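As structure tokens, the structure follows; a few thoughts come after it.
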Amino acid sequence: RLLGPRDDEGNPHCIKVLAVLELTGKVVPFLSRPVLPVLLLPSGQHLFSSNAICQYFFEIGGKAPADASTQWLEWEATELQPILGHALQMLVLQGKSAEAAKALEDPMNFLEQNLSKRTSSFLTSDTVAVEDIVLWAALFPLYLEPSLPELTSVFTWFERVGALPACQSAAQRVLQGRGQAALKGFLQKQPAEEAEHLMTEEELQSAARTWSLGLTDFQTQPDLPQEGKRNVLVTSALPYVNNVPHLGNIIGCVLSADVFARYGRLRGWNLLFICGTDEYGTATENKAREEGLTPQEICNKYHAIHSSIYKWFQIDFDFFGRTTTPRQTEIAQDIFWRLHDRGFLIEDTVEQLRCENCQCFLADRFVEGMCPHCQYPEARGDQCDKCGRLINAVELKAPQCKVCGLTPVVRSSKHLFLDLPKLEPDLEQWLDRSLSTGDWTTNARHITRSWLRDGLKPRCITRDLQWGTPVPHPDFSSKVFYVWFDAPIGYLSITANYTDQWEKWWKNPQQVELYNFMAKDNVPFHSVVFPCSLLGAQDNYTLVNNLVATEYLNYEDTKFSKSRGVGVFGDMAQDTGIPSDVWRFYLLYLRPEGQDSAFSWADMALKNNSELLNNLGNFINRAGMFVSKFFGGCVPEMELQAEDKRLLAQVGWELRQYIQLLDKVRIREALKCILNISRHGNQYIQVNEPWKNIKGGAPERQRAGTVTGVSVNVACLLSAMLEPYMPTVSQTIREQLRAPESCAHAMLRGEGIFVRSLPSGHRIGTVSPLFQKLETDQIEALRKRFGGQQLEAAVAEQVTGLGWEPGEKVRTLKAQKAEKPVVIAEVSKLLELKKQLALAEGRDPEPATQKGKRK
């Protein structure tokens with residue numbers, strides 16, 4: 001199902017989608033009218049990128065894109081579209097055809113050069129492919145009227161694609177024969193997308209005046225909300241304690257939240273950033289049994305592992321806590337009784353899966369089977385990782401206990417439920433306010449609305465387990481709270497362990513803005529279930545204002561898997577020899593915002609060597625070295641000319657864009673502003689050649705001094721803008737330049753002001769390179785190391801070396817009628833060894849699904 005705007009609204013993104021639909025013969029109904037086309041897949045997941053939608057339809061039609069196709073799609077999305085959006089604004093809304101043509105000059109020449117070298121009829125082959133449709137549709141509005149210079153190869157290709165009936169039909173449906181005028185309504189609703197911003201004389205003079213402003217000292221923020229301040233509370237989803245986080249987990253919540261928290265502090269917000277480990281549940285019990293520890297000991301062990309990993313990644317929490325505390329019990333039980341006393345809890349008897357072999361009810365995540373909705377064979381008992389649908393464990397087909405591998409049976413048990421239907425009116429009213437005033441990511445909005453569209457159902461909040469927060473009701477004293485009722489309350493209890501005045505943060509919606517960071521699978525619990533708990537408690541709780549959810553990060557062409565040795569996990573990254581700042585940069589550069597993205601070793605090396613080493617690092621190092629080499633380590637006198645003012649204005653504009661984007665939590669886009677500034681700086685140095693001017697007469701030496709002084713001040717600004725992304729590099733730059741500590745706060749206040757923070761006569765420190773090249777052999781070794789091959793060989797050696805001694809041990813224990821927990825522990829070891837051996841030999845590790853008896 002395709003959710004998209006009406007065809008007559010002039011959305012150019014719809015042209016490509018409609019053309020692909022007709023070309024591939026797919027029939028998809030339109031259901032609603034958001035800004036961009038959104039595809040609701042049969043699995044229940046959404047595609048938010050028009051390019052991803054086009055690619056999807058080609059793939060299900062049997063036309064999987066080649067690498068060249070993917071490269072063109074990426075170029076269209078990351079290089080062409082930002083410039084194109086700006087050009088359409090100028091062309092259609094402002095009538096500036098010459099300026100629009102100038103802005104498009106570089107990408108159009110790039111396209112012309114590539115097409116002129118090809119012998120095929122289309123971009124990558126002799127048959128039309130997805131990249132042809134996407135690029136043709138992007139450029140179509142520009143060719144409606146003669147505003148672009150004629151490029152022979154581009155025009156020939158454009159006419160050939162445009163002659164396809166599917167393209168003609170799509171253009172007619174969207175533009176209704178009205179030409180560029182049909183785009184006006186759509187473009188007027190969009191924020192102006194700037195490419196190479198054209199500076200006015202007023203902007204040049206303003207930048208020069210701002211340049212001379214001094215720095216202001218700023219106080220650090222206190223740990224409690226303050227009247228008259230912007231009070232921001234930031235949380236990242238609580239990681240489950242018995243898992244070592246991989247790169248996808250890290251970018252999905254803690255790293256994204258850390259960037260925003262660091263940015264907020266630089267802006268002078270009164271900000272609190274909290275997180276912690278989620279420690280209750282059967283998963284902890286089983287992990288403890290595997291390792292021969294108590295649940296509390298296992299929590300202590302893995303809490304320390306998580307803390308160490310986040311410390312290495314420089315995640316700057318104000319407090320990193322945990323859920324196994326008396327405060328958690330106190331606050332969770334208080335919310336429970338308030339819900340109970342207000343009639344928002346109901347009793348019901350439910351069917352659960354019980355493993356007779358393990359003699360316990362199975363927690364949802366410890367039963368696995370086939371999803372009843374999409375038939376995915378490895379769905380968990382609470383949610384399917386493939387289609388994202390929430391499920392009840394008893395609905396699974398061919399369920400298996402993940403502890404012992406046997407088939408569980410269905411048993412009845414009485415439980416308590418949160419009456420979500422009764423709370424739905426209050427939830428709807430709150431959501432209308434929060435969605436209209438807050439910054440919710442597109443996927444968070446759609447996932448939340450899809451839950452409400454399907455209708456809310458009562459949600460069980462109790463479980464037949466031992467390791468958890470006890471239910472205080474006398475009729476349910478043998479039960480504990482279900483993790484998705486209990487775990488989000490951890491945000492409150494962790495804050496309470498940080499400060500006794502925690503209620504000033506969590507019962508203060510008038511003064512506090514709450515930002516939740518997470519991956520998309522956590523959205524329903526933070527946008528529906530947890531808010532309903534707090535709304536039902538009726539205790540003036542602070543509810544989420546801004547819900548920021550990422551898509552998934554994959555590893556190369558597969559998923560992260562600790563058991564198969566595939567992918568980089570948090571405890572491994574520091575052993576690669578690559579600094580944590582480089583890891584942070586690359587993860588943030590490919591942060592999965594609109595659609596899933598994939599970590600790639602080759603791409604990481606490319607981005608490090610091109611963007612960090614040759615662009616950013618090159619500019620900052622050259623600026624500092626010129627001061628040291630040509631001016632004795634002191635910033636020279638600066639007499640600004642028009643070209644210097646133009647750079648100041650360009651840099652100031654990028655700074656303001658950076659602030660506008662980060663204010664809206666558009667973290668990946670804001671990073672590009674930093675790289676744009678260093679590109680401007682490199683070009684400025686290259687054009688003005690201070691290494692030549694320093695050898696000339698007095699005017700030339702003065703010119704070299706001005707260029708050097710301006711450049712080193714731009715480097716100082718970059719250190720401030722880098723602080724949220726690469727804190728160690730940021731600090732290193734400031735130390736090399738001996739920059740005032742207050743410079744970052746000063747330049748990031750308000751809308752952003754680029755001031756001369758290093759005046760003439762300022763003495764800098766020792767300058768040295770910031771980054772190192774990642775060599776091909778180094779990257780190839782890491783790719784192999786984390787691709788699973790070495791682990792498979794080691795496991796095969798280990799298992800074959802052991803023979804089947806574990807199997808003999810299990811049989812012996814059973815014959816001796818040993819204690820059941822001892823037998824279960826050995827069975828678990830045996831199953832794990834068999835699974836690892838299967839993986840090592842390239843076989844399917846999962847046992848064949850057993851056919852049940854017909855009923």
Side-chain angles (χ1 to χ4, degrees), residues 197 207 210-211 215 259 262-263 266-267 314 579 581-582 584-586 588-589 607-608 610-628 635 638 644 646-662 667-686 707-749 751-759 762 764-765 767-771:
H197 183 64
T210 303
W211 166 256
L215 297 173
V259 171
R262 287 175 178 273
Y263 168 73
L266 287 175
R267 296 276 281 150
Q314 304 175 79
D581 266 10
V582 175
R584 286 174 63 107
F585 168 82
Y586 183 60
L588 292 161
Y589 190 95
K607 295 300 186 293
N608 176 84
S610 60
E611 293 291 9
L612 292 183
L613 187 64
N614 295 336
N615 175 18
L616 181 66
N618 182 53
F619 169 70
I620 293 171
N621 187 252
R622 290 171 87 189
M625 288 302 295
F626 290 156
V627 176
S628 298
V635 177
M638 291 163 273
D644 309 311
R646 183 173 297 105
L647 176 69
L648 299 183
Q650 288 173 328
V651 169
W653 185 86
E654 292 286 357
L655 171 61
R656 291 190 293 277
Q657 289 294 299
Y658 167 93
I659 287 175
Q660 290 175 23
L661 289 167
L662 276 181
I667 293 171
R668 188 178 63 190
E669 291 180 68
L671 178 57
K672 305 296 173 63
C673 295
I674 297 174
L675 302 175
N676 288 343
I677 288 176
S678 57
R679 267 189 280 274
H680 285 309
N682 276 316
Q683 185 178 14
Y684 171 73
I685 288 176
Q686 208 61 31
V707 171
T708 298
V710 169
S711 296
V712 79
N713 271 278
V714 173
C716 188
L717 170 66
L718 286 171
S719 76
M721 297 173 72
L722 278 168
E723 203 282 334
Y725 293 90
M726 307 178 77
T728 297
V729 169
S730 170
Q731 181 62 30
T732 300
I733 298 169
R734 288 200 298 274
E735 289 173 357
Q736 290 186 8
L737 301 182
R738 291 180 179 165
E741 286 297 323
S742 61
C743 67
H745 294 283
M747 290 189 280
L748 296 186
R749 64 187 175 186
E751 296 180 354
I753 52 172
F754 178 29
V755 300
R756 182 181 54 190
S757 51
L758 306 179
H762 172 85
I764 68 171
V767 177
S768 60
L770 297 169
F771 305 107

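Below, each value reflects all heavy atoms present in this structure, side chains not excepted, and no hydrogens, waters or symmetry copies. Here the structure is a predicted model, which is why all the values come from computation and not from measurement.
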*asked:* Nearest 0.5 angstrom please: Glu654 CD to Ser678 OG, how far?
replied: 10.0 Å
*asked:* Determine whether a donor-acceptor pair (N or O, by modelled atom type, separation under 3.5 Å) exists between the side chain of Tyr725 and the backbone of Tyr589.
replied: no
*So among Ile659, Leu748, Leu662, which one has a side chain to side chain contact (heavy atoms under 4.5 Å, CB included) with Leu266?*
Leu748
_To check you understand the geometry: which heavy-atom pair defines the closest contact between Ser719 and Ile733, and what is its length?_
CB-CG2, 3.6 Å
*How many angstroms lie between CG in Leu718 and CD1 in Ile677, if you round to the nearest 0.5 Å?*
5.5 Å
*Rounded to the nearest 0.5 Å, what's the gap from CG on Leu675 to CE on Met721? Could you check?*
9.5 Å
*Ignoring hydrogens and angles, tell me if any N or O in the side chain of Ser730 forms a donor-acceptor pair with the backbone of Met726 under 3.5 Å.*
no
*Heavy atoms only: give me the nearest Cys673-Gln657 pair and the separation to one decimal.*
SG-CB, 3.9 Å
*Least distance between heavy atoms, Leu758 atom then Pro740 atom*: CD2-CD, 4.1 Å
*Approximate separation, where rounding is to 0.5 Å, of Gln731 CD and Gln736 CD*: 11.0 Å
*Please tell me if the side chains of Leu616 and Phe771 come closer than 4.5 Å, counting only heavy atoms from C-beta onward.*
yes
*Set of side-chain hydrogen bond (donor to acceptor under 3.5 Å, both in side chains) partners for Glu611, sequence neighbours left out*: Asn615, Arg679
_Contact check, side chains of Phe754 and Leu648, non-hydrogen atoms, under 4.5 Å_ = yes
*Measuring from Asn713:CG to Met638:CE, what's the distance to the nearest 0.5 Å?*
5.5 Å
*asked:* Could you check whether any side-chain N or O of Arg622 sits under 3.5 Å from a backbone N or O of Phe619, counting only pairs where one atom can act as donor and the other as acceptor?
replied: no
*Determine yes or no for a side-chain-to-main-chain donor-acceptor pair under 3.5 angstrom, with Arg734 supplying the side chain and Ala720 the backbone.*
no
*Look at the side chain of His762 and the backbone N and O of Arg738, then say whether any donor-acceptor pair between them is shorter than 3.5 Å.*
yes
_Contact summary for Ser628 and Val767, nearest pair of heavy atoms_ = OG-CG2, 4.0 Å
*May I ask you to decide if the ring planes of Tyr658 and Tyr263 are parallel, tilted or perpendicular, using 30° and 60° as cut-offs?*
perpendicular
_Atom of Ala739, atom of Cys716 and distance for their closest heavy-atom approach_ = CB-SG, 3.6 Å
*If you look at every heavy atom in Asp581 and Pro727, which pair is closest and at what distance?*
OD1-CD, 3.4 Å
*Quick one: CZ on Arg584 to CG on Leu671, what's the gap to the nearest 0.5 Å?*
11.5 Å
